Protein chains: 2
Amino acid sequence: MNVLEKIINSVNSFSKSERKVADVILANPQTTIHSSIAALAKMADVSEPTVNRFCRRLDTKGFPDFKLHLAQSLANGTPYVNRHVEEDDGPEAYTAKIFESTMAALDAARQNVDILTINRAVDVLTQAKKISFFGLGASASVAHDAQNKFFRFNVPVVCFDDIVMQRMSAINSAEGDVVVCISHTGRTKNLCDIAAIARENDATVIGITAYDSPLAKECTLVLSLDVPEDTDMYMPMASRVAQLVLIDILATGFTLRRGTKFRENLKKVKDSLRGSRFDKKDFQN
Amino acid sequence: MNVLEKIINSVNSFSKSERKVADVILANPQTTIHSSIAALAKMADVSEPTVNRFCRRLDTKGFPDFKLHLAQSLANGTPYVNRHVEEDDGPEAYTAKIFESTMAALDAARQNVDILTINRAVDVLTQAKKISFFGLGASASVAHDAQNKFFRFNVPVVCFDDIVMQRMSAINSAEGDVVVCISHTGRTKNLCDIAAIARENDATVIGITAYDSPLAKECTLVLSLDVPEDTDMYMPMASRVAQLVLIDILATGFTLRRGTKFRENLKKVKDSLRGSRFDKKDFQN
DNA sequence: AGATAAGTTGTAATTAAATTACAGAGACGC
DNA sequence: GCGTCTCTGTAATTTAATTACAACTTATCT
């Protein structure tokens with residue numbers, strides 16, 4: 001984890017003076033990396049050893065080492081920390097914040113995701129007789145997107161956002177079928193039912209959901225994404241982007257597993273769209 | 001210019017000893033940033049002042065300052081570049097690559113996006129009598145998602161992924177209505193038609209599409225996202241994530257514009273879902 | 001409420017690191 | 001071959017960072 005995020009995360013565990021240091025650093029990170037420990041201590045109105053202790057608390061070897069880490073954090077422009085949108089943010093501010101929070105969320109997801117489970121999920125998907133994607137509410141569009149991707153692979157794939165259709169589909173599933181249930185919270189009752197029904201009918205159930213949730217318990221395989229969500233907005237945002245990226249990963253794993261010849265097929269699918277589109281040349285001149 | 005590049009570029013203008021220093025640094029940059037000037041001098045088999053002079057020659061204030069710059073160069077090097085998935089990538093490799101490419105794409109989008117247009121789009125949306133989201137193929141799920149978001153705002157919103165429905169809806173649009181057309185390439189003929197029809201019927205048409213595309217030409221307002229796409233995969237991936245984030249931004253702008261009271265409403269919508277879900281406490285123990 | 005222990009912070013001493021000043025060695029022109 | 005200019009290293013100096021210790025604050029238990 002990057003030092004800046006670390007500071008923000010552990011701001012509660014700091015003592016009063018350490019917090020002063022944290023505030024000064026967060027307010028002028030650029031200045032900090034070019035300051036001596038004495039200068040920073042003065043700015044924060046604390047003693048030099050306090051600054052040093054602060055650095056050590058963040059698992060760095062000391063002040064110079066801390067500066068190095070800070071410099072690296074700062075190197076990525078403004079680093080991707082989860083910044084919350086505020087009441088009086090202008091368009092510039094909220095646009096930047098949402099982009100950055102989303103990137104921060106993806107970064108977090110990348111670090112938490114379990115590669116082994118991904119690999120097993122790809123295994124299962126490549127061998128599936130039929131793939132079904134189920135989601136409700138915001139997750140329905142993720143399911144939709146997954147369908148669109150896997151449909152290109154010329155495998156039997158369905159997607160329902162209607163619980164009755166989902167239920168019927170789940171009941172009709174059989175061994176070799178794969179059901180992918182998508183839910184951020186994993187607490188949507190209807191979807192848990194669907195997962196249970198599918199399992200009872202010998203389908204393999206992959207859950208894209210929170211670890212240890214009721215839905216997770218019903219699944220054969222759980223792909224969990226620990227994503228920090230800005231709950232102030234009351235809308236699923238980052239979580240759903242992470243889900244989509246996960247779908248991309250599964251789809252990519254799928255195509256790689258199927259080999260070169262298969263990917264030529266993908267090109268054909270893409271080319272088939274040409275008729276429905278204006279030609280690039282027609283308007284570019 | 002970053003220090004590492006600078007070293008490589010000016011390797012000719014170095015003296016014999018300075019060159020020794022450069023070689024050692026280029027060979028183990030990671031070690032360098034954690035070494036003292038004494039240690040580095042020993043590694044390069046030169047004296048400490050030589051190392052110091054070397055640092056000064058690269059326009060840094062001294063050795064510690066040089067390390068800071070070097071640390072930043074190293075941090076900038078790897079992260080979030082658009083790395084293409086290769087034939088023989090394992091799950092670990094392609095997972096990392098897709099996450100990183102997506103983040104790189106978002107970073108690019110963030111820099112290219114036009115804040116003014118976003119602000120105007122938010123303006124238009126807040127004043128809309130009715131909002132329609134139209135997309136086809138992969139963009140259909142983005143439209144779907146947008147509908148899900150704006151529906152929470154208790155404004156009349158529709159979303160169709162069926163061209164006939166889209167067409168009928170466009171023909172029935174009137175002044176004060178906003179139609180949002182989503183297409184990565186902006187070359188989907190049907191969608192261009194829809195945009196034209198909507199405009200003819202006095203609706204405001206917002207395009208989430210490529211700049212200067214046929215679709216863009218039919219729109220009142222164009223939100224373009226310049227996103228580098230990995231065309232080897234023949235699937236829209238990063239582009240669609242960027243579109244979603246843009247939707248998040250519009251939705252956020254919308255809620256901010258509507259004020260605090262309105263956001264309490266959002267909470268109500270979210271709370272209304274509680275009945276359909278398992279309680280958190282029920283399974284967490 | 002008072003006493004004790006745990007944790008926090010600052011002062012002063014110490015140590016480590018980096019820089020400067022200076023002198024010797026090597027290269028080059030005359 | 002001599003003088004000059006540049007390069008490089010040694011030693012001294014300065015600066016910065018860390019440690020050790022003492023004073024103080026805060027919480028806890030009787």
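Keep in mind it's a predicted model, so treat the numbers as computed, not measured. Just so we're on the same page: letters track the sequence lines, and every chain starts at 1. These values consider heavy atoms only, across backbone and side chains, with no hydrogens, waters or symmetry-generated copies.
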Nucleotide [N], atom [atom2] - distance to [atom1] of [X] in whole Å:
{"X": "Lys16(B)", "N": "dT6(D)", "atom1": "NZ", "atom2": "C1'", "value": "12 Å"}
{"X": "Phe14(A)", "N": "dT9(C)", "atom1": "CZ", "atom2": "P", "value": "12 Å"}
{"X": "Asn52(B)", "N": "dA11(D)", "atom1": "CG", "atom2": "C1'", "value": "15 Å"}
{"X": "Ile37(B)", "N": "dT15(D)", "atom1": "CD1", "atom2": "P", "value": "16 Å"}
{"X": "Glu48(A)", "N": "dT8(C)", "atom1": "CD", "atom2": "P", "value": "21 Å"}
{"X": "Lys67(A)", "N": "dA18(C)", "atom1": "NZ", "atom2": "P", "value": "11 Å"}
{"X": "Phe54(B)", "N": "dG9(D)", "atom1": "CZ", "atom2": "P", "value": "14 Å"}
{"X": "Asp45(A)", "N": "dT9(C)", "atom1": "CG", "atom2": "C1'", "value": "12 Å"}

Exercise. Backbone N or O of Ser183(A) within a donor-acceptor pair of the Thr209(A) side chain at under 3.5 Å?
Worked result: yes
Exercise. If each of Arg53(B) and Asp65(B) is mapped to the nucleotide of DNA chain C with the nearest heavy atom, which maps nearer the 5' terminus, i.e. the 5' end?
Worked result: Asp65(B)
Problem set entry | Short side-chain donor-acceptor distance under 3.5 Å, Thr50(B) and Ser47(B) | yes
Would one find a side-chain N or O of [X] under 4.0 angstrom from OP1 or OP2 of [N]?
{"X": "Thr50(B)", "N": "dC7(D)", "result": "no"}
{"X": "Ser36(B)", "N": "dA16(C)", "result": "no"}
{"X": "Ser15(B)", "N": "dT6(D)", "result": "no"}

Problem set entry | Test: Asp107(B) and Arg110(B) ion pair at under 4.0 Å | yes
Problem set entry | Closest non-hydrogen atom pair between Ala121(A) and Leu250(A), with its separation | CB-CD2, 3.9 Å
